[in-house]
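Keep in mind the model is a prediction, meaning the values are calculated, not measured. One is the number of the first residue; the rest follow in order along the sequence. In what follows, every heavy atom counts, from backbone to side chain, and hydrogens, waters and symmetry copies are set aside.
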Amino acid sequence: MKKDDHIFLGVCSKLSEFLNVDPFIVRLCFLFTGSVILYFVLAYLLDRKETM
């Protein structure tokens with residue numbers, strides 16, 4: 001993950017890296033779907049996965 005892609009909790013950056021797409025596209029998807037709860041669930045799970 002590039003450090004300059006990390007904006008807030010790094011969810012979109014990590015997800016875009018996994019899906020091999022631009023982080024901007026992932027951010028737009030979260031913005032237009034209003035998936036705030038999903039965003040924070042993914043933030044928790046992705047952070048937890050890195051510490052294991």
Distance col, row L15:CG vs I25:CD1, nearest 0.5 angstrom, shows 12.0 Å
Residues passing the side chain to side chain contact (heavy atoms under 4.5 Å, CB included) test with F18, sequence neighbours excluded, are none
What one should report as the nearest heavy-atom pair of S16 and V26 is CB-CG2, 3.7 Å
Closest non-hydrogen atoms of G10 and Y39, given as atom of the first, atom of the second and distance, are N-OH, 4.5 Å
Value for CG (L45) from CZ (F40), rounded to nearest 0.5 Å, stands at 13.5 Å
* To do: Determine whether L19 and L38 fall in the same hydrophobic cluster, where Ile, Leu, Val, Met, Phe, Trp and Tyr are linked whenever their side-chain heavy atoms lie under 4.5 Å apart.
  => yes
Distance col, row R27:CZ vs S13:OG, nearest 0.5 angstrom, shows 6.5 Å
### Query
Among the clusters formed by ILVMFWY side chains lying less than 4.5 Å apart, do V11 and L28 turn up in the same one?
no
*Linking I/L/V/M/F/W/Y whenever any side-chain heavy atoms sit under 4.5 Å apart, do F32 and F24 land together?*
yes
**Prompt:** Is L31 reachable from V36 through a run of I, L, V, M, F, W or Y residues, each pair having side-chain heavy atoms under 4.5 Å apart?
**Reply:** no
